[in-house]
A.B. asks: 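First the structure, then my questions, so here it is.
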Amino acid sequence: MAEVEKLYVTYNEVHKLCQESAARILADINPQLMIAIGGGGYVPARILRSFLRQTGRPNIPIQAIGLSLYESLPETTNNATPGVPEVPGTRVTRTQWLDMSALGGMENIVGKRVLIVDEVDDTRTTLEYAVKELEKDVEAARQRLGSNEKTEFSIFVLHNKDKQKKGFLPKEMIDSGRYIAARTLGDAWINYPWEAVDIDEHDRLAAEAASRNAK
Ligand code: 5GP
């Protein structure tokens with residue numbers, strides 16, 4: 001089997017991808033709430049929040065949901081091993097869901113602009129699940145309120161893999177520019193810095209690849 005190409009992304013690069021995407025996110029989406037999909041969406045959401053900060057306005061709250069699709073190769077690893085590509089599962093498992101109690105309950109999302117943040121859009125299964133389930137919950141809250149207000153979900157990912165997707169996102173979301181990927185690339189395996197056990201080695205591999213590409 002052909003070796004999957006591996007890419008190494010540094011914290012610095014993640015920071016800059018969030019920074020350069022912030023202006024577009026503010027202009028096209030202007031979110032009032034972020035929902036980070038854990039664990040990969042946590043760091044980008046937190047960095048992004050610094051760049052979305054507007055003078056005189058409170059920080060955008062970040063809620064977390066935990067979704068899991070990938071499982072490690074059982075014969076090679078006991079658990080997700082840094083740098084070892086994982087095989088996709090077929091079912092999304094919820095490990096954590098919204099806790100809106102401190103923000104006034106689910107009803108408080110009705111009518112809001114909500115940005116879902118994840119690190120990578122691979123098969124799109126996870127993002128489809130997140131959007132559908134969140135839409136269901138918000139619709140139930142909207143009906144409870146008897147409101148006509150529309151909640152607008154948008155997506156930000158650091159990387160989108162340009163490949164045949166298994167999951168689908170609302171056409172209207174894509175057409176109206178509410179799906180933003182900082183970078184679109186091929187079907188490689190991306191090693192993110194927060195997964196690294198040896199961050200110096202991770203950065204070294206990233207620098208090595210960068211100098212190879214510069215030649
Ligand atoms: P999807 O549902 O789009 O296939 O996959 C979404 C999740 O799979 C991501 O949130 C991430 O946890 C994991 N994943 C997919 N591709 C990669 C990759 O290239 N690198 C890493 N580190 N995780 C990935």
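Whatever order the structure lists ligands and atoms in, that order sets their numbers, starting from 1. What you see is a predicted model; the values in this text were computed from it and never measured.
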A.B. asks: Within a distance under 4.0 Å of any heavy atom of Arg124, pick out the atoms of ligand 1 and give their elements.
C.D. replies: 1 (P), 3 (O), 4 (O)
A.B. asks: Nearest to atom 17 (C) of ligand 1 by heavy atom, Trp189, Tyr192, Tyr129: which?
C.D. replies: Trp189
A.B. asks: Ligand 1 and Asn191, any nitrogen or oxygen pair closer than 3.5 angstrom?
C.D. replies: no
A.B. asks: I'd like to know whether Asp122 forms a salt bridge (Lys or Arg N to Asp or Glu O under 4.0 Å) with Lys163, so could you lay out the CA-CA distance, the side-chain angles of the two residues, the decisive distance to 0.1 Å, and finally the verdict.
C.D. replies: CA-CA 8 Å; Asp122 182 10; Lys163 65 193 275 190; 2.5 Å; yes
A.B. asks: Mark yes when over 12 heavy atoms from residues, nucleotides or ligands other than Gln164 sit less than 6.0 Å from its CD; otherwise mark no.
C.D. replies: no
A.B. asks: Test of understanding: given a 4.0 Å heavy-atom threshold, classify the contact between Glu119 and ligand 1 as side chain, backbone, both, or neither.
C.D. replies: side chain
A.B. asks: Which ligand 1 atoms are under 4.0 Å away from a heavy-atom of Lys161?
C.D. replies: 16 (N), 17 (C), 18 (C), 19 (O)
A.B. asks: Taking Arg178 for its side chain and Phe153 for its backbone only, find out whether a donor-acceptor pair lies under 3.5 Å.
C.D. replies: yes
A.B. asks: Could you tell me whether Leu69 approaches ligand 1 through its side chain, its backbone, both or neither, with non-hydrogen atoms closer than 4.0 Å?
C.D. replies: side chain
A.B. asks: Would Tyr192 and His202 count as a close aromatic pair, with their ring centres under 6.0 Å?
C.D. replies: no
A.B. asks: What do we get for Asp118 next to ligand 1 when only non-hydrogen atoms under 4.0 Å count, side chain, backbone, both or neither?
C.D. replies: side chain
A.B. asks: Tell me whether the NZ or CZ atom of Arg212 lies within the 45° cone about the ring axis of Tyr8 and under 6.0 Å from its centre.
C.D. replies: no
A.B. asks: So how far is it from Asp203 CG to Asn12 CG, rounded to the nearest 0.5 Å?
C.D. replies: 9.0 Å
A.B. asks: Check this for me: does any side-chain nitrogen of one of Glu107 and Arg142 sit under 4.0 Å from a carboxylate oxygen of the other?
C.D. replies: no
A.B. asks: Quick one: does Gln19's side chain have a donor or acceptor within less than 3.5 Å of a partner on Phe51's backbone?
C.D. replies: no
A.B. asks: For Ala188, state whether at least one heavy atom is located under 4.0 Å from any atom of ligand 1.
C.D. replies: yes
A.B. asks: Can you name the atoms of ligand 1, numbered from 1 with element, that are less than 4.0 Å from a heavy atom of Glu195?
C.D. replies: 21 (C), 22 (N)
A.B. asks: Determine whether the side chain, the backbone, both or neither of Lys166 has a heavy atom under 4.0 Å from any heavy atom of ligand 1.
C.D. replies: neither
A.B. asks: Tell me the nearest of Thr123, Asp187, Asp122, Thr126 to atom 6 (C) of ligand 1, using heavy-atom distances.
C.D. replies: Thr126
